[in-house]
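Sequence lines set the chain letters: A, B, ... in the order given, protein chains first and strands last, and positions in each chain run from 1. Since we're looking at a predicted model, the values are computed, not measured.
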Protein chains: 2
Amino acid sequence: MPAKRLATRDRIITAAGELFYDEGIDRSSMEQIASRAGVTKRTLYYHFRSKDDLVGFWLEQLDKSVRANYRLWLHSAPGRIEARLRHMFGRLAELTCNPRWKGCGFARAANELAGLPGHPGVIAAKTHRKRFEAWFVEELRADGIEPAERLARRMVLLLDGAITQALLHHDPAYVHEAGDTAADLVHAARRLSATDRVDGFAA
Amino acid sequence: MPAKRLATRDRIITAAGELFYDEGIDRSSMEQIASRAGVTKRTLYYHFRSKDDLVGFWLEQLDKSVRANYRLWLHSAPGRIEARLRHMFGRLAELTCNPRWKGCGFARAANELAGLPGHPGVIAAKTHRKRFEAWFVEELRADGIEPAERLARRMVLLLDGAITQALLHHDPAYVHEAGDTAADLVHAARRLSATDRVDGFAA
DNA sequence: GTCTATAGCTTGATAGAC
DNA sequence: GTCTATCAAGCTATAGAC
């Protein structure tokens, strides 16, 4: 596979992603995507069988960068996970203040494509959120919280709630409130965590 | 204003709402809406200036029925608000199991129309969620929880998180988990509520 | 208030040359 | 792998009769 092919393909995905995110999937045409990528529609259809497929590839690529981003946010602060979760939500709150922020690409796609269960974009969005939840389980366990499954689920619930409210009201206070709630829940759970008590002896 | 005019207008809004909810706003055409309502496009445009306006009127009508529904759910169970919130989330969980359920119409609209801040549908969705939050404040206060503002905000965060997760995974467990979290948070807050202690003396 | 008819444009996707 | 050219269908919205 020659390098140029990949460059064109990536350029198309980037252009498509920008339009899908800014305008919505249905409101972005293949014409606009091709134009922004600097190719013709024929080239676009050479690389992607359909618009639906293109949406799927976009979200699969976005999955990697978004999860890497949250991982960075959670690990760029010191202390226990309570404090680091609060920090992570704080960084999200900052992001939502940017006028270019328009919600979560996965939630946007899932809502816009709610009537099409088998759509590649819907499948990619589901997969992304499942990975996100599994990641929270890992992070909570790494900080000595056990069992972590239910608490991880509560974290994704708060995160998605914060994203919806921020999209509606453009008010970072909702995201901060979600972060405080997340920290409160972890704090309360820690007292019940046997693993933590063992760590306490070791420390 | 003659009765027939209102009947036609309502029939159009109903038909539009069904299509907007099932297929999405952009994927529903004025042609389909007119056909489902049993009128021609010309009649449709006689009653509504544009498709955007029609979206706004649909959500304004939906606001009333959705809030009445949640009010019913919260009041159709006995006991303190902790238990009644759990019951409310339980009813929502049942609803999300219905294959016709495709998320929240307001969240769907806000996500699909994220690039159009002044759109009538976006404004209606914002207004709806603000009313919802204010209603939670009332209900918490009526049960002796004070202050109620932050807790009410946490309730809408959990509700919106539950809706997004249920839309993605079609798994009622997320909604039940949100309900349990809501009950836990209220339970923890009640111990700090001075008003409750006073009620305790009075009871 | 409702109809038939249509303007004017854009859509996703394809044909065939090179 | 990329191009020019184009398809058939669908879109929002409007004109003018009754």
Side-chain angles (χ1 to χ4, degrees), chain A residues 1-59 108-109 112-113 115-116 118-122 124, chain B residues 1-59 109 112-113 115-116 118-122:
Chain A
M1 33 181 115
K4 200 179 176 192
R5 180 180 165 185
L6 286 172
T8 302
R9 204 186 138 91
D10 282 355
R11 221 167 58 242
I12 291 170
I13 294 181
T14 301
E18 288 168 1
L19 279 165
F20 289 155
Y21 185 75
D22 285 342
E23 315 283 344
I25 293 166
D26 230 71
R27 302 179 108 89
S28 305
S29 72
M30 293 298 260
E31 198 100 35
Q32 290 173 289
I33 293 163
S35 165
R36 178 179 275 245
V39 297
T40 61
K41 262 197 291 184
R42 192 67 188 84
T43 301
L44 204 169
Y45 276 99
Y46 171 81
H47 287 283
F48 300 94
R49 206 190 328 169
S50 67
K51 187 179 179 180
D52 291 354
D53 274 15
L54 182 51
V55 172
F57 285 114
W58 163 53
L59 289 179
R108 296 265 307 279
E112 186 169 349
L113 307 173
L116 310 165
H119 193 291
V122 172
Chain B
M1 34 183 113
K4 199 180 179 192
R5 178 179 165 186
L6 286 173
T8 303
R9 204 186 138 90
D10 282 355
R11 222 168 56 242
I12 291 170
I13 293 181
T14 301
E18 288 168 359
L19 279 166
F20 289 155
Y21 185 75
D22 286 342
E23 315 283 344
I25 293 166
D26 229 71
R27 301 179 109 89
S28 306
S29 73
M30 294 298 260
E31 197 100 37
Q32 291 173 290
I33 293 163
S35 165
R36 180 179 274 245
V39 297
T40 62
K41 264 195 291 184
R42 192 66 188 86
T43 301
L44 204 169
Y45 276 99
Y46 172 80
H47 287 282
F48 300 93
R49 205 191 329 166
S50 68
K51 187 178 178 180
D52 290 354
D53 274 15
L54 182 51
V55 173
F57 285 115
W58 163 52
L59 290 179
E112 186 169 350
L113 308 173
L116 309 165
H119 193 292
V122 173

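- Rounded to whole Å, the distance from CD on B:Glu23 to C1' on D:dG10 is 15 Å.
- Separating the CG atom of A:Leu44 from the P atom of D:dT4 is a distance of 14 Å, rounded to the nearest angstrom.
- Minimum heavy-atom separation, B:Ile25 to B:Ala109: CD1-CB, 3.9 Å.
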Protein proximity profile, nucleotides 10-18 of chain C - base contact B, sugar-phosphate-only contact S, no contact -, cut-off 4.0 Å on heavy atoms: -SBBBBB--

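- Shown here are the salt bridge (Lys or Arg N to Asp or Glu O under 4.0 Å) partners of B:Asp22, two or more places apart in sequence or in another chain: B:Arg100, B:Lys102.
- Closest non-hydrogen pair, A:Lys41 versus A:Met30, comes out as CG-O, 4.0 Å.
- Atom OG of residue B:Ser29 and atom CD of residue B:Glu23 lie 10.0 Å apart, to the nearest 0.5 angstrom.
- The minimum heavy-atom distance linking A:Val122 with A:Leu116 is given by the pair CG2-O, 3.5 Å.
- Distances shown here put a side-chain N or O of A:Thr8 below 4.0 Å from the OP1 or OP2 atom of D:dT2.
- If you take CZ of B:Phe48 and C1' of D:dT14, they are 18 Å apart, rounded to a whole angstrom.
- Between the C1' atom of D:dG1 and the CD1 atom of A:Ile12 lies a distance of 10 Å, rounded to the nearest Å.
- For the atom pair B:Ile33 CD1 and B:Glu18 CD, the distance stands at 11.0 Å (nearest 0.5 Å).
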